[in-house]
A.B. asks: 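Sharing a structure here in structure tokens format.
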Amino acid sequence: MQFDDDADLDTSEVKDVRSSRVPGGRATVGGGIIGLIALVLGVLFGVGPDQLGLSGGGEEPVASSSSAAQVNQSCRKGSDANTREDCRIVAVVNSVQDFWRSEYARRGGTYGSAATVMFSQRVPTACGSATSAVGPFYCPGDRQVYLDLGFFDELRTKFGSSGGPFAQAYVVAHEYGHHIQNLMGTLSRAQDGRTGANSNAVRVELQADCYAGVWARHATTTPDDRTGRPVLTRLTDEDIRDGLDAAAAVGDDRIQERFQGRVTPENWTHGSAAQRQQWFYEGYRTGDMARCNTFR
Ligand SMILES: [Zn+2]
């Protein structure tokens, strides 16, 4: 995965509210079974944390204003994205939104952009106060993606993904898939309270995986508005394998096996490892969002 060294990163698409005064490093995530359940429920969930019953009940956010604008200062060029993880996320957000902007324009519509909020520990959102334990998510109420970079370590250590830069890109692109669903009015289908392999919740999640694949297909050919050149210049087969591996690692069956020791499809909210891989790959193979009809 390679970014154009000379690309100008648009840091206005990322709000950096990571705390610079966290004693002893990151917050403990998933402490005890409650945390574990929260983590499992929340991972890559398309709905704000409020619906998961994880609202912090009015606690103050830990985010410190003193650290604001970190990525503003550090992430200016594609070369920064090739060397720093947070700048890579900025570049991925730019690339994903470049694609959806152009796709909407091609279809005669206008894309409404969504910022990504990089936080640590806890963050206030229109969907309630969220902690890192819920994993990355999209909040339809404020149309923002929320991400604690610490999740990417857990993707490897807790979920057994191979990791790799594109695994991170897949996660970001998946969350923007939920934004597309929000714009199209399909996201609310997930909120009927049902779970299970054929539930609307699973179908919405698989569609977001498919949309992530659609972006990946076009990522290296979609020019940035301002420079006329793609931000992302190279995606290899190994990158795509990292994406597929991450999609499998967060499959409901894998997570259930790992954390509860048995698979209960009736509780699925995101789809199996095989389904998630299949739909990411369908989007990638066809590059056509019309092929992402997981409600068929
Ligand atoms: Zn999701």
Side-chain angles (χ1 to χ4, degrees), residues 1 26 29-30 33 35-47 52 85 88-89 92 96 131-138 145-178 190 195-197 199 201-216 219 235-265 267-285 292 294:
M1 185 173 191
R26 285 191 342 97
V29 170
I33 192 67
L36 197 57
I37 289 166
L39 183 70
V40 170
L41 279 177
V43 169
L44 303 183
F45 205 66
V47 186
L52 299 175
E85 183 179 52
R88 186 161 67 226
I89 299 304
V92 169
V96 169
T131 69
S132 304
V134 300
F137 67 95
Y138 171 75
V145 171
Y146 290 88
L147 184 64
D148 182 331
L149 295 183
F151 173 77
F152 295 133
D153 296 330
E154 283 164 12
L155 202 51
R156 267 195 323 277
T157 57
K158 272 195 173 146
F159 295 94
S161 160
S162 63
F166 192 77
Q168 303 178 355
Y170 152 74
V171 171
V172 172
H174 170 99
E175 297 306 336
Y176 275 91
H178 288 313
T195 60
S199 65
V202 166
R203 292 174 194 271
V204 162
E205 292 301 329
L206 296 176
Q207 187 175 56
D209 285 336
C210 186
Y211 287 166
V214 171
W215 159 73
L235 269 189
T236 64
D237 290 345
E238 192 186 344
D239 289 321
I240 297 304
R241 275 198 297 276
D242 281 341
L244 287 166
D245 192 73
V250 292
D252 284 321
D253 50 347
R254 292 271 182 96
I255 290 176
Q256 289 178 339
E257 263 167 21
R258 189 173 279 261
F259 294 109
Q260 69 182 27
R262 68 202 171 92
V263 176
T264 52
N267 297 329
W268 287 3
T269 54
H270 289 70
S272 68
Q275 286 177 307
R276 301 200 73 165
Q277 286 191 320
Q278 179 203 325
W279 282 102
F280 172 80
Y281 196 74
E282 179 70 4
Y284 179 70
R285 186 180 67 81
C292 298
T294 54

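Reckoned from all heavy atoms, side chains included, excluding hydrogens, waters and symmetry mates. All values derive from a computational prediction rather than experimental measurement.
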A.B. asks: Keeping the roles fixed (side chain from E175, backbone from V145), state whether a donor-acceptor pair exists under 3.5 Å.
C.D. replies: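 The answer is no, because no donor-acceptor pair under 3.5 Å joins these two groups.
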A.B. asks: What distance separates W279 CH2 from D209 CG, expressed to the nearest 0.5 Å?
C.D. replies: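 Between atom CH2 of W279 and atom CG of D209 there are 10.5 Å.
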A.B. asks: Apply the test side-chain contact (heavy atoms from CB on, under 4.5 Å) to residues F151 and V134: give CA-CA distance (whole Å), side-chain angles for both, the deciding distance (0.1 Å), then the verdict.
C.D. replies: CA-CA 9 Å; F151 173 77; V134 300; over 6 Å; no
A.B. asks: I want to check something: taking the side chain as every heavy atom from C-beta on, are M1 and L235 in contact at a cut-off of under 4.5 Å?
C.D. replies: yes
A.B. asks: With rounding to the nearest 0.5 angstrom, report the CG to CD distance, L244 to Q278.
C.D. replies: 11.5 Å
A.B. asks: Once you round to the nearest 0.5 Å, how far does CZ of F166 lie from CD1 of I240?
C.D. replies: 4.0 Å
A.B. asks: Does the ring center of F280 lie less than 6.0 Å from the ring center of Y170?
C.D. replies: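 Close enough - the centres of the two rings lie under 6.0 Å apart.
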A.B. asks: With a 4.5 Å cut-off on side-chain heavy atoms, are N267 and D252 touching?
C.D. replies: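 They are not in side-chain contact.
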A.B. asks: Would you say E238 has more than 12 foreign heavy atoms packed within less than 6.0 Å of its CD?
C.D. replies: no
A.B. asks: How many angstroms lie between CD in Q207 and OG1 in T294, if you round to the nearest 0.5 Å?
C.D. replies: 4.5 Å
A.B. asks: Does any non-hydrogen side-chain atom of Q256 lie less than 4.5 Å from one of R262?
C.D. replies: no
A.B. asks: Are V263 and W268 side-chain neighbours, meaning at least one heavy-atom pair lies under 4.5 Å?
C.D. replies: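 Sidechains of W268 and V263: in contact.
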A.B. asks: Would you please indicate if the ring centroids of F259 and F159 are separated by under 6.0 Å?
C.D. replies: yes
A.B. asks: Salt bridge or not between R285 and E282? Use side-chain N to carboxylate O under 4.0 Å.
C.D. replies: yes
A.B. asks: Could you go step by step and tell me if S162 and D242 meet the side-chain hydrogen bond (donor to acceptor under 3.5 Å, both in side chains) rule?
C.D. replies: CA-CA 6 Å; S162 63; D242 281 341; 3.1 Å; yes
A.B. asks: Rounded at 0.5 Å granularity, tell me how far CD in Q277 sits from CG in D245.
C.D. replies: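 That separation rounds to 7.5 Å.
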A.B. asks: Would you say E205 and Q275 make side-chain contact, with heavy atoms under 4.5 Å?
C.D. replies: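 E205 vs Q275: side chains apart.
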A.B. asks: Within this structure, what is the OG-NE2 distance for the pair S199 and H270, rounded to the nearest 0.5 Å?
C.D. replies: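 Between atom OG of S199 and atom NE2 of H270 there are 10.0 Å.
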